[in-house]
Amino acid sequence: MEFELIEFIKNKITTDSSVVIGIGDDAAVMEIPQHQQLVVSTDTLNYGVHFDEKLSPNDVGYKSLAVNLSDLAAMGAAPKWCTLNLSLPELKQKWIEGFVSGFLDLAEKTRINLVGGDTTAGALSATVTVFGLVDSDKYLQRSTARKGDLIAVSGELGSAAYALKNPDSQLIKHLQKPLPRLDISERIKGFASSCIDISDGLASDLNHICKKSRVGAKVNVEHLPVHHEVKKNPNWMSYALSGGDDYQLCFTFAPKHLSQLPADCTVIGEIKCGKQADFYSNNEKIESLQKGYIHFNKA
Ligand code: ADP
Ligand code: MG
């Protein structure tokens, strides 16, 4: 059955000329272009921790790749190859077919080559590793934001967290099929000074930039891009700042590059001296926020 699964996957994919040896040998072999560097990231989705029956097998397959592509986007890297490690309690054909089609739909759209993986019996879990390319030394980092830089985010924040609590909302697609922002990454990589993808919520992820870059941040919450349906909810600020699962990009850049900011990105504040991200409403610091998001419960 394991061999059947591998054959099933193999028959569904095509690979480009960068793949010298793909699925079927003891290891894969790939051609790495000169003057480029390899960027690698991996993430695991465990049943009961990161997903449950509420997410269809197709969505789990899609998401297992999407969250990894989001990490490549944050590094300014173009996706090139990936591996898929599946742990399955029993080989339930319907679940596997759903998973594989969700995974391969996104792989095809983003032109990433599936070059291998592993299939084992165990608790339901999917680990994806992605390999991307950047021009040498042109990767983006969390640790390079500078005082005076502007802070921007892509898309809208809080939609996935809102949909988790309001599953009948049309915003549910943000939870089921988050779009990794490879499009934005491509357009900002030439001028952004730092970047992170927002997986845990803006408050937490912008603080990673602050800590790593040894700077502070001032964000105006009135400027946060939030869908009007979420904005109507009294908890909109919690969803937008600490809901998580947004998979948008948060990045910084020198103000002289403002005219290069892509559509679908919003300036939300600036980098200051300091040690953390502070959030302001009508020029007043929101002191209760810290407590608010610690108590915010995603479930
Ligand atoms: P080995 O015992 O040498 O590790 P496997 O039987 O695990 O070989 O894998 C055989 C081939 O199938 C390898 O090329 C491996 O990368 C690929 N493979 C196994 N499982 C998966 C999977 N879930 N997705 C993609 N490729 C897989
Ligand atoms: Mg193996």
Side-chain angles (χ1 to χ4, degrees), residues 1-33 36-75 77-133 176-180 182 197 199 245 247:
M1 188 63 190
E2 184 196 323
F3 294 111
E4 272 174 43
L5 171 61
I6 296 169
E7 277 306 304
F8 175 72
I9 291 175
K10 212 180 148 185
N11 289 334
K12 276 186 169 288
I13 63 162
T14 51
T15 53
D16 67 27
S17 60
S18 68
V19 181
V20 184
I21 295 179
I23 293 174
D25 213 314
D26 288 314
V29 179
M30 285 89 78
E31 205 73 65
I32 299 180
Q36 295 206 297
Q37 288 170 328
L38 188 60
V39 180
V40 180
S41 185
T42 190
D43 257 315
T44 298
L45 295 187
N46 286 331
Y47 176 79
V49 182
H50 305 103
F51 69 95
D52 58 24
E53 297 88 4
K54 277 186 243 145
L55 216 54
S56 74
N58 187 288
D59 292 339
V60 180
Y62 174 100
K63 220 170 166 176
S64 70
L65 180 57
V67 300
N68 278 282
L69 292 173
S70 180
D71 286 321
L72 285 185
M75 297 299 288
K80 197 69 193 161
W81 308 289
C82 62
T83 58
L84 169 60
N85 289 24
L86 275 176
S87 167
L88 303 161
E90 55 193 307
L91 290 171
K92 269 200 192 141
Q93 194 148 347
K94 220 172 154 211
W95 195 93
I96 293 169
E97 283 178 13
F99 179 97
V100 170
S101 73
F103 184 97
L104 292 182
D105 279 352
L106 183 59
E108 212 166 286
K109 267 194 203 117
T110 54
R111 298 198 180 159
I112 193 163
N113 298 283
L114 179 61
V115 296
D118 199 19
T119 310
T120 52
L124 187 57
S125 167
T127 298
V128 174
T129 304
V130 285
F131 303 82
L133 292 172
Q176 294 167 335
K177 295 261 158 67
L179 197 67
L182 294 159
D197 72 315
S199 49
D245 264 1
Y247 301 107

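Start at 1 and go down the list; that is how both ligands and their atoms are numbered.
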field: Ligand-residue contact atoms, ligand 1 with G116, heavy atoms, under 4.0 Å
entry: 16 (O), 24 (N), 25 (C), 26 (N), 27 (C)
message: If I apply the N/O under 3.5 Å rule, does I23 come out as touching ligand 1?
response: no
field: Contact atoms of ligand 1, heavy-atom distance to D26 under 4.0 Å
entry: 3 (O)
message: K63 and salt bridge (Lys or Arg N to Asp or Glu O under 4.0 Å): which single residue from D43, D245, D105 fits?
response: D245
Close N or O approach (G22, ligand 1; < 3.5 Å): no
- prompt: Could you give the distance from CD (E7) to CD1 (I23), rounded to the nearest 0.5 Å?
  reply: 9.5 Å
task: Go through ligand 1 atom by atom and flag the ones less than 4.0 Å from a non-hydrogen atom of L84.
output: 22 (C), 23 (N), 24 (N)
- line: When rounded to the nearest 0.5 Å, the distance separating CG of L72 from CD1 of I112 is 6.5 Å
- request: Please work out whether any backbone atom (N, CA, C, O) or any side-chain heavy atom from C-beta onward of I9 is under 4.0 Å from ligand 1, and answer side chain, backbone, both or neither.
  value: side chain
query: Counting heavy atoms only, which part of I6 comes closer than 4.0 Å to ligand 1: side chain, backbone, both or neither?
result: side chain
- prompt: Do the side chain of D197 and the main chain of Y247 share a donor and acceptor less than 3.5 angstrom apart?
  reply: no
task: Drop me the distance from I96's CD1 to F99's CZ, to the nearest 0.5 angstrom.
output: 10.0 Å
task: Inspect the surroundings of NZ in K12 and state if more than 12 heavy atoms from other residues, nucleotides or ligands are less than 6.0 Å away.
output: no
task: Have a look at A126, G24, A27 and point out the one with the heavy atom closest to atom 14 (O) of ligand 1.
output: G24
